[in-house]
S.K.: 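Please find one structure pasted underneath; my questions will follow.
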Amino acid sequence: MRHSYLFNRTILTILALLLIGFVAAGQDQKLKVKVSGTGRTTGHVVMYFIENTGNQIEKGTIGPFLIPGNDTYQGYVIPGTHNYEVASGDSVSLFLDGFCTSIHKPPFPDGAPMTPVSKWVSPESGLPIPAPGVTIPENSGFTLLTADAHPGIEDVPGVPPGQILYLSYPDTSLPFPYSIDIDAYPEEAAPLVFDIVEQISVTFDSLWEAGAISTPIPPSRAKTELTQQSVWLALSILENQPYTREDLNNRVVEQYETNTGQPLTTAPPAVQEELNSGVEQIWNTITFIGLEAKVLTEVDPSETEPPEESSPCNFSHRRSEPKLNLDFKISDAWADAETRAKAQQDLQNMLLGVSAMSEYEYTTGSQPTSAYSLWNHNQLGAYTNAAAWTVFIYSDASTEFVSRTERLDTEAAGDYSVGMDVRGEDCQTFVSGVARVRLTANTSAFDPSAGHETELAVLDFLYSASVKLFMALRANPQSVYELVEELGMNELEGELEEVLGQAGLSPDMMQKEVFKLLQQYARENGYESLDELIEYANNFDISDASSVLRPIVNAVVKSDIKGKMDVTVGSKTDSVKVSSLVEYLRTSIQEGGINGGGSDIDSVWVSDSAPGTLTVELKGAASAKTEARGNGQAYGYLESDVLIVLVGVCILPNGKVEWETLIDNGAFSRDLEHLPDLQRQQEEIFREIDAGMRGIPAGQVNQGNVEGVIRRVISAH
């Protein structure tokens, strides 16, 4: 029985959809984060600076993290969590406590920028902790070591001569036969690194409580320093660069000579003896802690079992190169060019498995007025968000608005294949596979006029009369109320005052909004300056204003989402197809409505078996189209969930059965909270298929039975 990991990380894109009308209150939530070193290897190792540029208090919890190092500086483990609370416009600095992961590199200097937060890894990232008997593929970052090249530590005090300390599988006495570069493969190494740190920390506490630890280090520093030394020892073996007693001695000597300014050889014999004794005591203690924590194990090479007889069965797998096909369009009416470019780069980073964080800064906020379609490896997705004449009034009385969304059409397509081959001389071999694909298309529109007819009428007046308002204000600055009276609109004065009061705006603020609306109007109609607009306005008939600026009332808002995926397993093929279209139409304040929308969900199962080899192929295409004219908003999304399971079987001439399970799963989703933990799901499927295979009676392992096991297990997930 063998397991191979072929795990495609889930794309966790959260679509923060804005259902906010033109008079609705919104929040512009922004957090900016900067991280720097402290010059320390243990304790307060990271300075984490958070600035809140949003409009409300931000609270949260960060950690735990594995922070990869680089070619120059060491990485860190932050095993605990840290809470923060930042008021609007304020900032806080947190010192994150942790341990260094490399004895062979110096720490990041005090104040120096560290590895970007986007590259920090949580315990759940990457592959699960390898278990005894599980084959880890070469592309996972783990390197299988031969017996004579296995990293270990010899001549350990308290360990019988000839025996060597090796890293062990977690909570076992079995030697761990792999090495990995933690900084180069942080996601793959993270679960094992966190387990090592936790086991050492817990074990130290129990040993200290029992009085089993003897150390020359002062009690106030004992846990931190001995835990760090024990972590260094274990992780150095994991990276195939063992930390030795001589290394420890050299560090102590270096520290002594730095503190005293004198060579140790010139120190009195009693001082030299004390240092040698301290090194011996510390070394004995950290190796003892590692053994008690079951992160290290003793191995006597003379007593190791001979290798098992090699099997004639050979399992291999293949898959096409990962590729991203992204068609992304963002409305020119949304934000500025720099912000639009950053939004596109953030999306690209997210789809490539990189956090949407910038180099040293993370910003949360609304999704832009945009559309995209994508094929990413084996995920299909799409998203639209269109808004027109939508005014956002924030708690600080500032406003933003998008005047339109031009037609945005996006399309993306791609293909992907994964397969397994089984070979064995004089053996019966076959591969059974199942692919399950689910697609969901959803669209929805927002009617900002519903329940706001009075406010809409007042805003309609402001838009329609804005040219005359601007001309009068420029010639004779005065309050909006005086202009209303001057223009003979006294009947609207009370309604205008009520609307301004509800929005928390003063007449002067609304006056500024009139200027902003005119500036927008000038840009959209090709006027290079407001002076050109004024010249136009001198010959402008106010009776035509309603037809020119009427979009505040009339609206045509659409969102169209489509997705299709063809699934082939061996000789069997099927397809899944979804679509959803929504239109919001309004011809007056009283007449309008939403047509269509909602969810279209479809799924397909395809399974087949074949002697020796089997291939699964996916071909997908997505489209997202949207536009908005007038006042309204529409959005849509396409989600996909793909689960592929292949089981290769090799039946030896003596009737013994060997098998290997390959799982390739992934999903594109708009909502992180509703996604299953695919890594946990993968492990459960491995275990359940293993149990199912063992449950097939001897002599009855065949293609139909194996395919049935796969389908039963997938049905439970």
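The residues of the chain are indexed from 1 along the displayed sequence.
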S.K.: Take V279 and N276 through the side chain to side chain contact (heavy atoms under 4.5 Å, CB included) test and state the conclusion after the steps.
M.R.: CA-CA 5 Å; V279 169; N276 288 334; 5.7 Å; no
S.K.: Does N376 use its side chain to pair, donor to acceptor, with the backbone of Q379 at less than 3.5 Å?
M.R.: no
S.K.: Would the distance check show the side chain of E257 and the main-chain N or O of L264 forming a donor-acceptor pair, the cut-off being under 3.5 Å?
M.R.: yes
S.K.: Have Q228 and T42 got a donor and an acceptor in their side chains that come within less than 3.5 Å?
M.R.: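 Per modelled atom types, Q228 and T42 side chains form a pair under 3.5 Å.
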S.K.: Taking the side chain as every heavy atom from C-beta outward, state whether I62 and T81 have any atom pair closer than 4.5 Å.
M.R.: no
S.K.: With rounding to the nearest 0.5 angstrom, report the CG to CH2 distance, N249 to W283.
M.R.: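 That separation rounds to 11.0 Å.
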S.K.: Does the SG of C427 lie under 2.5 Å from the SG of C313?
M.R.: no
S.K.: In sequence, state the C-alpha distance, the side-chain angles, and the governing distance for K34 and V117, and then conclude on side chain to side chain contact (heavy atoms under 4.5 Å, CB included).
M.R.: CA-CA 8 Å; K34 294 182 180 179; V117 178; over 6 Å; no
S.K.: With the side chain counted from C-beta on, respond yes when R40 and P107 share a heavy-atom pair under 4.5 Å apart, and no when they do not.
M.R.: no
S.K.: Kindly indicate whether the side chain of F65, heavy atoms from C-beta on, has any atom under 4.5 Å from the side chain of V121.
M.R.: no
S.K.: Within the side chain of D195, is there an N or O that forms a donor-acceptor pair under 3.5 Å with the backbone of P191?
M.R.: no
S.K.: Nearest 0.5 Å, please: how far is CG in L94 from CG in N83?
M.R.: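 If I round to the nearest 0.5 Å, the distance is 9.0 Å.
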S.K.: Measure across F194 and S122 and return the closest heavy-atom pair with its distance rounded to 0.1 Å.
M.R.: CE1-C, 3.9 Å
S.K.: Step by step, would you call I644 with N665 a side chain to side chain contact (heavy atoms under 4.5 Å, CB included)?
M.R.: CA-CA 6 Å; I644 299 171; N665 59 345; over 6 Å; no
S.K.: Is there side-chain contact between E280 and R245, with heavy atoms separated by less than 4.5 Å?
M.R.: yes
S.K.: Taking only Lys NZ, Arg NE, NH1 and NH2, and the carboxylate oxygens of Asp or Glu, determine whether K323 and D415 approach each other closer than 4.0 Å.
M.R.: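 Answer for the salt bridge query: yes.
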S.K.: Looking at T115, is its backbone amide N or carbonyl O close enough to the side chain of W120 to form a donor-acceptor pair, meaning the two atoms are under 3.5 Å apart?
M.R.: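 Side chain of W120 to backbone of T115, a donor-acceptor pair under 3.5 Å: yes, one is there.
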S.K.: Got a donor-acceptor contact below 3.5 angstrom from the S36 side chain to the A112 backbone?
M.R.: no
S.K.: Work out which heavy atom in F315 is nearest to a heavy atom in C650; give both atom names and the distance.
M.R.: CZ-CB, 3.9 Å
S.K.: Which one of I685, L646, T661, V645 satisfies the side chain to side chain contact (heavy atoms under 4.5 Å, CB included) criterion with I710?
M.R.: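 By the side chain to side chain contact (heavy atoms under 4.5 Å, CB included) criterion, I710 pairs with just one of I685, L646, T661, V645: V645.
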S.K.: Kindly give the heavy-atom pair with the smallest separation between Q281 and T215, and that separation in Å.
M.R.: NE2-N, 3.5 Å
S.K.: Please tell me if the side chains of N70 and D183 come closer than 4.5 Å, counting only heavy atoms from C-beta onward.
M.R.: no
S.K.: Is there side-chain contact between F430 and V647, with heavy atoms separated by less than 4.5 Å?
M.R.: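 Answer no - side chains too far apart.
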S.K.: State, to 0.1 Å, how close Y416 and S320 come at their nearest heavy-atom pair, and which atoms those are.
M.R.: CD1-OG, 3.3 Å
S.K.: Return the OG1 to CG distance between T287 and L296, rounded to the nearest 0.5 Å.
M.R.: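 Answer for the OG1-CG pair, T287 versus L296, is 8.0 Å.
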S.K.: Please work out which of the three classes, parallel, tilted or perpendicular, describes the rings of Y243 and W232, given edges at 30° and 60°.
M.R.: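 Because their plane-to-plane angle is over 60°, the rings of W232 and Y243 count as perpendicular.
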S.K.: I'd like to know if the side chain of T101 reaches the main chain of G75, judged simply by a donor and an acceptor atom lying under 3.5 Å from each other, with no hydrogens or angles considered.
M.R.: yes
S.K.: After noting the C-alpha distance and the side-chain angles of S102 and E239, does the key distance pass the side-chain hydrogen bond (donor to acceptor under 3.5 Å, both in side chains) rule?
M.R.: CA-CA 9 Å; S102 176; E239 292 199 294; 4.6 Å; no
S.K.: OG of S640 to CG of N378: how many Å apart, nearest 0.5 Å?
M.R.: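 So the gap between those two atoms works out to 7.5 Å.
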S.K.: Does D71 CG have over 12 foreign heavy atoms under 6.0 Å away?
M.R.: no
S.K.: Please report the shortest heavy-atom distance between K105 and Y73, naming the atom on each side.
M.R.: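 Closest approach of K105 to Y73: CD-O, 3.6 Å.
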S.K.: I want to check something: taking the side chain as every heavy atom from C-beta on, are L192 and L238 in contact at a cut-off of under 4.5 Å?
M.R.: yes
S.K.: Do Y48 and H82 have their ring centres less than 6.0 Å from each other?
M.R.: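 Centroid separation for Y48 and H82: 6.0 Å or greater.
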S.K.: Would you say the side-chain atoms of S201 pair up with the backbone N or O of E198, donor to acceptor, closer than 3.5 Å?
M.R.: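 Pair absent, no side-chain N/O of S201 close to backbone of E198.
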S.K.: Taking the cut-offs as 6.0 angstrom to the six-membered ring centre and 45 degrees off its axis, would you call R694 and W659 a cation-pi pair?
M.R.: no
S.K.: Supply the atom-to-atom distance L662 CG to D664 CG, rounded to the nearest 0.5 angstrom.
M.R.: 7.0 Å
S.K.: Of the non-hydrogen atoms in G381 and F668, which two are nearest, and what is the gap between them?
M.R.: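 Scanning both residues completely, I find the closest heavy atoms to be CA-CD2, 3.7 Å.
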S.K.: Compare all side-chain heavy atoms of T615 with those of V418 and state whether any distance is below 4.5 angstrom.
M.R.: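 No, their side chains stay 4.5 Å or more apart.
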S.K.: Return the set of residues passing side-chain contact (heavy atoms from CB on, under 4.5 Å) with T227 (not counting sequence neighbours), or none when no residue passes.
M.R.: F99, I200, F204, K223, V231
S.K.: First locate atom CD1 of I213, then atom CH2 of W208, and finally report the distance between them rounded to the nearest 0.5 Å.
M.R.: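 The distance works out to 6.5 Å.
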S.K.: Would you say the side-chain atoms of K119 pair up with the backbone N or O of G69, donor to acceptor, closer than 3.5 Å?
M.R.: no
S.K.: Could you go through N259 and Q255, starting from their C-alpha distance and side-chain angles, then the distance that decides it, and tell me whether this counts as side chain to side chain contact (heavy atoms under 4.5 Å, CB included)?
M.R.: CA-CA 6 Å; N259 292 340; Q255 186 176 5; 3.6 Å; yes
S.K.: Under 3.5 Å, is there a donor-acceptor pair between the side chain of T38 and the main chain of H44?
M.R.: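 Yes, because the side chain of T38 sits within donor-acceptor range (under 3.5 Å) of the backbone of H44.
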S.K.: For E225, give me all partners under side-chain hydrogen bond (donor to acceptor under 3.5 Å, both in side chains), at least two apart in sequence or on another chain.
M.R.: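 For E225, the residues satisfying side-chain hydrogen bond (donor to acceptor under 3.5 Å, both in side chains) (neighbours in sequence not counted) are R221.
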S.K.: Taking atom types as modelled and ignoring hydrogens, do the side chains of T613 and R318 form a donor-acceptor contact shorter than 3.5 angstrom?
M.R.: yes
S.K.: Would a distance-only check, ignoring hydrogens and angles, find a side-chain to backbone donor-acceptor pair under 3.5 Å from D641 to A667?
M.R.: no
